[in-house]
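What follows is a short report on a single structure.
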Amino acid sequence: MSLSTARSFLSEACYGEQELDANSALMELDKGLRSGKLGEQCEAVVLFPKLFQKYPFPILINSAFLKLADIFRLGNNFLRLCVLKVTQQSEKHLEKILNVDEFVKRVFSVIHSNDPVARAITLRMLGSLASIIPDRKNAHHSIRQSLDSHDNVEVEAAIFAAASFSAQSKDFAAGICNKVSEMIQGLDTPVELKLKLIPMLQHMHHDASLASSSRELLQHLVNSYPSTPMVIVTLHTFTQLAASSLIDIPKQLQLLLQYLKDDPRQAVKRLATNDLKLLAKKAPHLWIRENTQTLCECALTSPYTSLKLGMLAVLSTLSGTIAIKQYFNNMTGGSSVPPLLTDLVKLAQECCYHSNLAVAAHGVIVLSNIAISCPEKDIVQLEQDTVLGVESLLMLCSQDSSPSTQATLKTALTSLVKLLKNRPHLSQSVVEFLLGQLHLSCDSSRVLMCHALAAIASHLPVLGDGMLGDLVDLYRVASHSSTDKQQELLVSLATVIFVASQSSLSAEVKTVIQQQLENVANGWTVYRIARQASRMGCHEFSSELYQSLRTRVASEHFYFWLNSLKEFSQAEQCLSHVEDRDYSGAMSAIAEALRSYQKGIASLTAASTPLSPLTFQCEFIKLRIDTLQALSQLICTCNSLKTSPPPAIATTIALTSGNDLQRCGRIAMQMKVCMDEFRSLAARYADLHQSSFDADYATLRNVELQQQSCLLVSHVIEALILDPQAASFQEYGTLGSVQTESEYERLMMSVFSRVLEEVEGLTKKHPPVSHLHTGCLCDAVIALLKVPLSFQRYFFQKLQSTSIKLALSPSPRTPSEPIPVQSSQQLTLKVEGVVQHGTTPGLFRKIQSVCLNVTSVLQSKTGPDYKIPLDTKTNEIEQRVEPHNDYFSTQFLLNFSILGTHAVTVEASVVDESGIEWKTGPKTTVSVKSLEDPYSQQLRHQLQQSGAQPAPQRSAYARF
């Protein structure tokens with residue numbers, strides 16, 4: 001079959017195929033489209049979305065859509081329906097159609113068919129294309145005509161198309177508004193049709209007058225048609241219109257609350273609560289105290305659990321926003337009622353002990369958010385009530401493993417962790433309760449409780465020791481089978497133990513964990529536990545686990561990966577034995593660690609594949625190796641003060657030369673080399689940080705801390721030895737007060753603060769350079785080495801994946817052939833790009849714009865040397881473009897007035913929503929050959945024959 005090649009090509013999940021392959025797949029699909037069998041034609045049509053995903057550039061998408069338009073024009077209704085579905089699935093690629101007029105012309109020809117179904121499919125097709133043809137008058141006219149059709153299928157399609165065009169076109173919305181109003185209010189329009197027409201009014205928000213007239217119509221409909229379906233559809237359209245136009249949200253809140261309070265129908269009340277939740281997310285700052293109070297009163301008086309749940313969902317959304325502060329601030333300004341006696345708190349306290357778990361969960365969320373946002377002196381009792389409410393809910397949920405109960409448990413634990421982070425004095429009793437509850441809960445509940453305990457222990461490490469005994473006892477009896485939940489429990493419990501141990505596992509704890517792992521754990525569970533141990537700094541234990549796993553994998557790439565992890569863990573374990581003031585021991589430990597790191601980096605390189613190049617991991621480890629070497633070199637340099645002290649005439653030499661550093665002898669120059677090395681390392685860490693767009697926040701913070709440690713050492717060298725007078729400690733004064741998120745960060749920040757205090761004290765008392773200064777430097781090195789390195793998530797796992805694919809035109813016929821351009825002309829370089837995402841796009845950060853930098857460098861010159869302005873020798877242009885539907889396009893005008901071969905490099909970087917630039921790449925290079933234009937060539941020949949001096953070469957600038 002002709003589609004087999006295309007199917008095999010499109011089934012591959014990787015990118016980066018050559019254009020030729022994409023064109024071959026398009027040709028195979030074209031054969032299917034031209035087949036005489038309907039089945040093959042349909043199969044070819046439905047394969048097009050995969051082709052667009054595989055090669056999402058305009059030149060191919062334009063050709064493909066033109067072929068689909070032909071099928072739409074000539075095929076039967078089933079083929080048209082398939083093309084319609086493909087068009088709707090490929091909505092993000094529509095703007096890449098280059099020949100829009102031709103495409104629409106072929107599709108639009110079917111609107112004149114005698115078949116109402118064909119016309120209906122065409123109308124839906126036009127509606128799907130509204131984003132690229134918003135102001136096509138012939139499409140507008142056809143939609144208006146079809147609204148008057150006697151065929152229900154065609155009218156429904158016209159309503160769909162009208163709604164799509166109204167959302168895109170202000171002119172169409174203004175023109176169709178009156179017709180829609182007449183149809184809705186017309187007595188001959190069936191009620192079912194009115195229910196479909198009303199939602200179209202939500203798009204009438206392009207200007208204030210249009211929104212106002214639509215709102216008046218909807219208000220009239222609400223009053224004139226009190227039936228349940230009409231009220232529900234009208235109110236929801238009302239809400240959508242208000243949310244889009246923004247200015248009418250306060251009025252809409254009052255209207256919805258009025259229906260919630262006065263209308264007896266449950267369906268209308270349920271619709272009102274859903275719309276209130278939408279407005280609570282959209283504009284919580286517009287909720288005044290009276291709105292929130294009315295909602296509380298309705299919830300307190302409602303006898304129906306489902307309605308109470310909906311109202312509490314709105315309140316729980318509001319409780320995490322500015323609306324909760326407005327509620328209490330306005331109240332305290334007008335009366336003296338304490339927060340504990342307000343209706344909102346009464347409602348939340350009542351709901352915390354509700355028989356419905358979902359209602360209780362929302363009650364807990366509201367209470368905890370109030371306890372966090374109100375001043376501490378006003379809510380001592382409320383804090384206790386919140387903790388009791390959470391504990392009672394946890395006891396109810398912990399025995400039940402159903403998905404809904406587990407979702408409630410997760411919500412309760414999330415609120416609890418958030419509360420304890422802001423009110424740490426409540427933590428001790430809560431931790432004791434959770435540890436007691438762990439023994440009585442089902443496995444899935446235990447996993448969630450372990451996550452909560454790990455989060456609490458990360459913020460409050462002082463509680464870790466108290467947890468350890470109970471956790472180890474539980475680990476002994478934790479698992480008796482190899483079910484998924486049991487395996488998950490082993491990982492979660494081990495994680496809490498690592499957090500509580502603070503990177504110093506006792507022999508007893510290791511033995512308990514290893515026994516359980518040998519009995520019931522599978523290889524993946526062991527790997528996950530080893531990964532957590534590496535993350536928490538328990539490197540001796542992780543090394544043993546990686547060692548045991550190496551021979552249990554099916555691929556040599558996995559073997560090398562595990563072997564590299566084992567070597568890295570062993571290297572860090574060597575550094576954990578460093579003792580204070582033991583400088584020779586520190587150098588031996590660094591040498592031993594470097595040996596393991598070099599073995600590990602060799603294995604890591606062997607583990608990389610084209611699809612998984614391990615770029616971040618390799619660069620991170622190379623930086624760690626270079627940092628350890630620099631620290632070792634610094635200790636050697638400090639020792640050189642003893643082996644090669646300054647000569648007796650050093651002071652005289654310093655006075656004679658005017659260089660005060662000469663007093664210190666040769667150590668000063670060595671220290672300057674060390675300082676430059678650490679600054680270079682800090683710059684490389686900054687580059688690694690800037691290139692890790694997809695990394696999680698903890699990994700980026702880890703890289704920042706490594707960079708700061710290098711900057712700290714360079715600053716200490718400068719402050720102690722090179723320039724004590726100019727050294728400033730003001731900018732480092734707030735290090736101790738920074739909120740830390742992990743044990744590793746806490747240890748690093750404490751080392752930074754301690755080292756800076758010692759250095760500041762020493763610079764004020766003693767002039768450089770003495771054994772006190774070198775001893776202080778060596779102590780700083782040892783303090784940094786003693787902090788166990790944390791291998792964060794991005795080292796093992798990539799949760800977000802973002803890449804950019806560029807296409808340049810004109811492009812050479814073959815990669816080695818340069819693009820020819822005449823020296824008197826300028827080259828227009830078009831750069832197109834596609835942003836490709838993994839399974840979870842935008843998990844940590846999203847792309848706001850793409851920064852394109854184009855530079856050209858002269859590689860070889862063919863013409864004679866003339867005096868040419870410097871700005872014509874190179875091109876360096878930068879542009880920022882915002883991707884739309886993950887596609888962007890821009891053009892650069894480049895000047896090549898010098899004859900010869902130029903290398904043009906296009907480099908892409910991305911800017912996130914915070915305005916931070918990330919060097920993600922890619923970098924593409926094309927070769928351009930600048931040729932002499934015929935006029936200049938002829939002129940030069942004439943001058944050579946006459947023996948005159950040749951004139952300067954003509955360029956694009958010579959015309960002006």
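Given the structure is predicted, the values throughout are model-derived calculations rather than measurements. Residue numbers start at 1 and run along the sequence shown.
Annotation for Leu843 and Gln800: closest pair N-OE1, 3.1 Å, computed over non-hydrogen atoms.
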> Do Tyr597 and Glu572 pass the side chain to side chain donor-acceptor pair (under 3.5 Å) test, and can you show the C-alpha distance, the side-chain angles, and the key distance before you say yes or no?
Replying inline: CA-CA 9 Å; Tyr597 263 123; Glu572 290 301 323; 2.4 Å; yes
>> If you apply the rule side-chain contact (heavy atoms from CB on, under 4.5 Å), what do you find for Tyr527 with Asn522, and how did you get there?
In response: CA-CA 9 Å; Tyr527 174 70; Asn522 58 37; over 6 Å; no
> Under the side chain to side chain donor-acceptor pair (under 3.5 Å) criterion, do Thr609 and Ser612 qualify, and how do the steps go?
Replying inline: CA-CA 5 Å; Thr609 63; Ser612 176; 4.6 Å; no
>> Could you walk me through whether Ser801 and Asp694 satisfy the side chain to side chain donor-acceptor pair (under 3.5 Å) test, starting with their C-alpha distance in whole Å, then the side-chain angles of each, then the deciding distance to 0.1 Å, before giving a yes or no?
In response: CA-CA 6 Å; Ser801 177; Asp694 293 318; 4.9 Å; no
>> Would Lys599 and Asn563 count as a side chain to side chain donor-acceptor pair (under 3.5 Å) here? Give the steps.
In response: CA-CA 9 Å; Lys599 290 180 191 173; Asn563 189 58; over 6 Å; no
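Every residue meeting the ring-ring contact (aromatic ring centres under 6.0 Å, His included) condition with Phe616, not counting sequence neighbours, appears here in chain and number order: Phe620, Tyr794.
If you run side-chain contact (heavy atoms from CB on, under 4.5 Å) between Arg446 and each of Leu493, Leu440, Leu474, only Leu474 comes through.
Of the charged side-chain nitrogens involved, at least one lies within less than 4.0 Å of a carboxylate oxygen, so that Arg701 and Glu704 count as a salt-bridged pair. Here Arg476 pairs with Glu508 in a salt bridge; the nearest charged N to carboxylate O distance falls below 4.0 Å. The pair Arg535-Glu743 fails the salt-bridge criterion, with no side-chain N (NZ, NE, NH1 or NH2) lying under 4.0 Å from an Asp/Glu carboxylate O. A salt bridge links Glu592 with Arg595: the distance from a Lys NZ or Arg NE/NH1/NH2 to an Asp or Glu carboxylate oxygen falls below 4.0 Å.
Among residues at least two apart or in separate chains, side chain to side chain donor-acceptor pair (under 3.5 Å) pairs with a member in residues 426-435 are Gln428-Glu432.
Using a 4.5 Å heavy-atom cutoff, the side chains of Ser534 and Phe796 are in contact.
Arg845 forms a cation-pi arrangement with Tyr697, by the criterion of a distance under 6.0 Å to the ring centre and an angle within 45° of the ring axis.
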